[in-house]
Amino acid sequence: MTTQSHTKSTARSLPIALLRARETVMAPIRDMLHDIQLTEQKWRILRVLDELGEVEQSAIAHEACLLLPSLTRILRTMETDGQITRRQDKQDKRRTMVRITDAGRAVLEDNLATSLAISNNIESQMGREKLNQLLDLLEELQAVKV
């Protein structure tokens, strides 16, 4: 007697499909990051800081999809490497404000062409409309309460 533990095959399982899609997207990005000896997490942090400017650590954790304790540890090394600066908020001493430095911005700028080529490759294979639709659907999925 066989019992079925799940109603959908793994090919149609949302968590597994999302993981497979992430791996497809991240493979060329990982190659780029490996070449410049930067982790995925540090790349995301630099991107967030470049986009948002100086922000509090919890905002970075949220936007870069990192746990706050991990972020704190990573920021320490990034500060040592000169990619970011941290300071106490003047109004609320419990908050730490973080901003990207010129050296951190240079890492992004030096790899902009490769990063854009990766994005353009995905867009050219999927088409702009389908890619935008996928991004819209993923945003919608994030709002779902499970």
Side-chain angles (χ1 to χ4, degrees), residues 6-8 10-146:
H6 291 83
T7 57
K8 295 180 183 176
T10 57
R12 298 299 292 174
S13 164
L14 181 60
I16 291 174
L18 289 170
L19 287 169
R20 288 178 178 148
R22 182 184 193 281
E23 290 308 307
T24 299
V25 170
M26 288 306 299
I29 295 170
R30 281 191 195 106
D31 290 342
M32 175 190 75
L33 296 176
H34 177 73
D35 291 345
I36 61 172
Q37 299 175 337
L38 197 71
T39 66
E40 293 176 40
Q41 295 85 356
K42 288 179 181 180
W43 178 257
R44 291 196 313 257
I45 292 166
L46 290 173
R47 297 259 338 261
V48 166
L49 290 172
D50 188 53
E51 183 178 321
L52 299 180
E54 185 177 56
V55 292
E56 203 269 326
Q57 284 187 175
S58 61
I60 300 167
H62 176 75
E63 293 298 319
C65 299
L66 292 166
L67 297 174
L68 199 51
S70 297
L71 175 68
T72 302
R73 179 183 46 78
I74 295 165
L75 289 177
R76 245 183 260 125
T77 64
M78 293 179 77
E79 188 173 33
T80 300
D81 293 343
Q83 297 168 335
I84 59 110
T85 60
R86 296 186 294 173
R87 67 170 182 83
Q88 248 184 359
D89 187 349
K90 291 175 182 151
Q91 284 76 35
D92 185 347
K93 301 291 184 200
R94 296 168 297 176
R95 293 172 30 133
T96 300
M97 303 302 292
V98 183
R99 74 172 179 83
I100 191 170
T101 62
D102 289 341
R105 196 166 280 111
V107 171
L108 295 176
E109 290 171 4
D110 291 347
N111 295 283
L112 180 61
T114 305
S115 180
L116 287 174
I118 293 167
S119 296
N120 290 338
N121 183 38
I122 293 168
E123 185 177 310
S124 70
Q125 290 185 59
M126 287 193 69
R128 177 173 288 179
E129 186 176 325
K130 283 174 78 175
L131 184 58
N132 283 333
Q133 182 182 15
L134 174 61
L135 292 169
D136 291 343
L137 288 169
L138 289 171
E139 278 186 25
E140 192 176 318
L141 179 60
Q142 290 175 53
V144 169
K145 303 293 183 225
V146 291

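All residue numbers refer to positions in the sequence shown, counting from 1.
Remark: the backbone N or O of K93 is paired with a side-chain donor or acceptor of Q88 at under 3.5 angstrom. Formation of a donor-acceptor pair under 3.5 Å by the T101 side chain with backbone atoms of Q83 is found in this model. Under the 3.5 Å distance criterion, the side-chain polar atoms of D50 are left unmatched by any main-chain donor or acceptor of L46.
Between N121 and S124, the shortest heavy-atom contact is O-OG, 2.9 Å. In plain terms, the two heavy atoms of L108 and W43 that are nearest each other are CD2-CZ3, 3.6 Å. Pairing each heavy atom of I74 with each of T77, the nearest pair is O-OG1, 2.8 Å. Contact between A103 and G82 at its shortest, heavy atoms only, is CB-O, 3.4 Å.
Counting heavy atoms of neighbouring residues, nucleotides and ligands inside a 6.0 Å radius, atom CD of E23 exceeds 12 of them. Within 6.0 Å of CG on D102 lie no more than 12 heavy atoms contributed by other residues, nucleotides or ligands. Enclosure of atom CZ in R47 is not indicated, since only 12 or fewer non-hydrogen atoms of other residues, nucleotides or ligands lie within 6.0 angstrom. Environment of CG in L135: crowded, with over 12 heavy atoms of neighbouring residues, nucleotides or ligands closer than 6.0 Å.
To the nearest 0.5 angstrom, M26 atom CE is 9.0 Å from I118 atom CD1. Rounding to the nearest 0.5 angstrom, the gap separating the CG atom in L75 from the CG atom in L49 is 7.5 Å. Rounded to the nearest 0.5 Å, atoms CD (E63) and CD1 (I45) are 12.5 Å apart. Between atom OG1 of residue T85 and atom CE of residue M78 there is a gap of 11.0 Å, rounded to the nearest 0.5 Å. Once rounded to the nearest 0.5 Å, the distance linking CG of L71 with SG of C65 reads 11.5 Å. For the atom pair N132 CG and K130 NZ, the distance stands at 12.5 Å (nearest 0.5 Å).
In this structure, the side chains of R86 and R76 come closer than 4.5 Å at one or more pairs of heavy atoms. With contacts defined as side-chain heavy-atom distances shorter than 4.5 Å, the pair T72/Q57 qualifies. A 4.5 Å side-chain heavy-atom check between L141 and V144 finds at least one atom pair inside the cut-off. With contacts defined as side-chain heavy-atom distances shorter than 4.5 Å, the pair I36/K42 does not qualify. You'll find the side chain of R22 stays beyond 4.5 Å of the side chain of L18, heavy atoms only.
A salt bridge does not link R94 to E56: none of the charged side-chain nitrogens sits closer than 4.0 Å to a carboxylate oxygen.
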